[in-house]
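What you see is a predicted model, and the numbers here were worked out from it, not measured in a lab.
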Amino acid sequence: MEAFIDDWGLTAALFLPLVGAVIMMFVRKEDEAAHKQIALLTSVAVLAALVAVAAVFNYNDAGRLQSVIDKEWIPVIDSRYHIGVDGISLPLLLLTGLIVPLVIIYSWNHFPEPRNPKAFLILILILQTGMVGTFVAQDLILFFVFFEVVLLPMYFMIGVWGGENRMYAAIKFFLFTAFGSAFMLVAFLALYFLSSDPVTGAHTFQIPDLPDAATGLASGTAWLIFGGMFLGFGIKVPMFPFHTWLPDAHTQAPTQGSVILAAVMLKLGTYGFMRIPIPILPDAARDWAPIIAVLAVIGIIYGALGCLAQTDMKRLIAFSSVAHMGYTMLGISTLTSFGFNAALMGMVAHGLITGMLFFVAGSIKERFHTLEIKRLGGLLLQAPRLGWILAFCSMASLGLPGLAGFWGEFPAILAAYQPAEGLPVELFRVCMVVAAIGTVFAAGYLLWLLQRTAFGTPKEEWEGHHFHDVETPEWLAWTPLIIGIVALGIYPNFVFDITDGGVQSVLTAFSGG
Amino acid sequence: MPFVAPYLDYHAFAPELVLIATFVAVLVADLIGERNKPLLGTIAGLGLLGSMVPVLTLAVADEPVRAMFGGGYVVDNFALTLKALFIIGGYVVILLSTNYIAEGDFWEGEYYLMLLASILGMTMMASSRDLVLIFVALELLSIPAYMLATWRKRDPKSNEAGLKYYLMGVFATAIMLYGMSLIFGVTGQTGLAAIAASPAIAGTAPVITLGVVFVIAGFGFKVSAVPFHTWAPDTYEGAPTPVTAFLSVASKAGGFVALTSLCLVGFATQEEVWQPLFWVLAALSMTVGNLLALRQTNIVRMLAYSSVAQGGYMLAPLAVAGHSIDGRRESIGALVVYLLVYGAMNLGAFAIVIAVARKTRSGEISSYGGLFQYAPGLTVVMTVFVFALAGIPPLGGWFAKFVIFKALVNPGTSAGYALAIVVGVNSVIALFYYARIAQQMWMQPVPDEDRTPIRVPPSLVGALGICCLVTLVLGVLPGLVGEIGDLAELASGR
């Protein structure tokens, strides 16, 4: 059984969503119940496959790639169907596996206009293939393909089911990401041609082989290649100054789209940094790290200030993502195992918390038909359970100790105190201080949000309206996330135990980690 | 010297012979009687499929290269791959035309004859390695195409289309012929291999440069490279849509084939001349094509400019093809793979244009509003084609673009990297107008609230099926064409 899971678990998780999508294409559009059931069943099966992979995973050896499949794919360009999982990708895979079924459950009675559950659910399943694929791919070209697969479904999800300004947001999201990808692809190719195996002299696209192959690269070239990848991943994260697509996309996307975007898709970028440019081009990474760190803290402060200025609740949460991803990138830029672990924890925590916040925002929007903060107020009186969940998520998001968010932010800040050898310590310490100030802002904007929306008395315009409190599909979708936030808050080693081995292995090039 | 009959390898000629037989069969069937009219398309289609048989038997035969007429007519993997492209592409065009031609006020018999003749010219072009043969093949593929462009005979736009195409075409041919005569004058040879071997070609004499530039400029018209593209949008818009599809894929491919064999075999030593020329043509074509496509409101004109830009991507690998045998192989492979994938996705896009126009009678992009609500199948397929053209994985176009990038980066020259960046930036610009079509179909309301479903005739369904299947399969398993792209024979200068 274990061998079977080892061989087929990842591949099943990767392609089951597509199988589900193809089956749904042959089911009549009117048969909505069938579509929901097939989609849910598929995503639960994917989760089961991923859990099975996690069950056979050897946690004592988390730095090694496991469940590896390495088969011929496109021989002419030396690209292989090479997938595997290690300590870095496993938590993110599980996060993906968890979020998608929850999103589908939430959709049960929350289909955004113009409905069409068939197309909507098919897109979610295709998205899942892309996300899982990105986290397991161990071949640059395979990685690139999956990285891009997520674009189209999200474009349509925003563009068709989104808010008023959806077309602008959709195309902006699409163009920004595609722009980065083009440079990333050129960088991948340059890396392929300029690096060669020290023994055989062969070119390779295999991520595990590239750190050795790329040792001979001239430093200027490596710097440029890193720069190309920086554009691709940095736009996806998104880092300041490439973040402008994010508030639009998150705000206009339907609730489900926002949740997937925030919970998983942003992590494709940060994960990409950890997986590809940093381990492969360590010297260039040292040159780029200060730049990344500075941009990360600018993102933290800028995102926080952006939050303070927002009048729309969803847009506020979107800007808070910019700030949170700033912490993650700051952790990564230290190039230490402490920072990387913090970044991974931050990614998982942000996925759970911001996913929840977008869920709650979606539910508020559904009840009030607005997210205009000044029209809301007194949510605790109108729908107390919803109000308390919002309060809980805000607390988690601002980094309250005891909840997951804390373990994402605090260690990342701490890691900046002592970056890897060869990095400018003073600069990182300044960054540390600025990032710490950012947490104060975070508390400010989230508490202020809470005060304006949940506390107080309801506005006059809602007099006589009755709002139903949290419903069954919402409970079903939210409970696992809430449990996750608390569990990771109390015992973060759930994540750290998995990630540490993986982090050590990608950081072998950096001493003093 | 006594006359020696040239060696004829009938197996190598078989695809062309089958095409000629089909041509005669259509002609005779058309002459016999009116009631045969509906059969003509079928005969032509079957004939094309029949000519695929020898292409396949040649491909699996042990003999990799068959040369005739002193190396002037060569059947190698390069030629066979392109013949397959021309024949299958021609078959799809016939599927596209069947209802269009039968339902409109057109001459039916002659239409298929012209189409077959042009396809015959293209299959010849794929094998031609001699200046004279290239010229003959070019005329054979072009002259029927001029007439096809005017096929909507009562529509002034169609007349304009044909006339413009004809005048520009013959002008280009004249320039090209002048260039060829200069090359012949210097080297005294017409065979490409002989030209390459001749000591006279290796020099830097202005007359040789002039000859090479003229020949490339002549074919620049054929592949509608900027600044020789001005005929394309008008001709594409005015010509009957199936003919436009044919011109934008098959005819363009014909030009690329000739350019490849001319430059990489005949003028191989003159890469100092043609590499920068191709660099400029490629960069201009993609940039100008994409920027103008952004402004279009008519879908056929938009696809016309998009095909100019796509032509730019295809020219790009030629700009770095000269530096080594390996580089040449890489570039030829990239070009051929791009042509194959481009053929499938572009023909597919035109098939949708034809299908939608059956209902809306319009080529305006706005008429695609809300297509998803009443024709979800067509919408999904069109989405596949436009995003494949944009090069988004996992649809076929990404691999085509990928091999272009790979060929450009491979030599490691700054010119190559610079052009790769230009291609990258252009891909993003192009994404904008391709996405606009998707946006119309998926996100905009239906104009006039007319939601009557579109009836798609079986032949069109067949064409869409072929194109969509190829686009999807090549996107996921690109190794299938990757192998074909390995065309070492031509690269080594034979």
Contacting region of [X] [heavy-atom separation from chain B under 4.5 Å]:
| X | value |
| --- | --- |
| A:I171 | side chain |
| A:Y155 | both |
| A:L152 | side chain |
| A:L189 | both |
| A:F147 | neither |

Below 4.5 Å from any heavy atom of chain A, which atoms of [X] appear? Answer side chain, backbone, both or neither.
| X | value |
| --- | --- |
| B:F387 | side chain |
| B:V476 | backbone |
| B:W442 | both |
| B:F402 | both |
| B:L395 | side chain |

What residue among A:F179, A:F156, A:W245 forms ring pair (Phe, Tyr, Trp, His ring centres under 6.0 Å) with A:F173?
-> A:W245
When you measure from the side chain of [X] to the backbone of [Y], do you find a donor-acceptor pair of N or O atoms at a distance under 3.5 Å?
| X | Y | result |
| --- | --- | --- |
| B:Q444 | B:S366 | no |
| A:H35 | A:R28 | yes |
| B:S331 | B:G327 | yes |

Below 4.5 Å, heavy atoms only, C-beta onward: do A:N116 and B:F372 meet side chain to side chain?
->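 With C-beta onward as the side chain, the pair touches.
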Flag the pair B:F432 / B:N290 as yes when at least one side-chain heavy-atom distance between them is below 4.5 Å, and no otherwise.
-> no
A:W73, A:F183, A:F174: which one forms the most heavy-atom pairs within less than 4.5 Å of chain B?
->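 Highest number of pairs under 4.5 Å: A:F174.
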Output yes when A:R115 and A:E32 qualify as a salt bridge under the 4.0 Å nitrogen-oxygen rule, no when they do not.
->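 Salt bridge: yes.
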Answer yes when A:K172 and A:D248 have at least one side-chain N-carboxylate O distance shorter than 4.0 Å, and no when they do not.
->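 Answer for the salt bridge query: yes.
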Assert top hit (heavy-atom pairs under 4.5 Å, partner chain A, pool B:A438, B:A435, B:G475, B:G424) equals B:A435
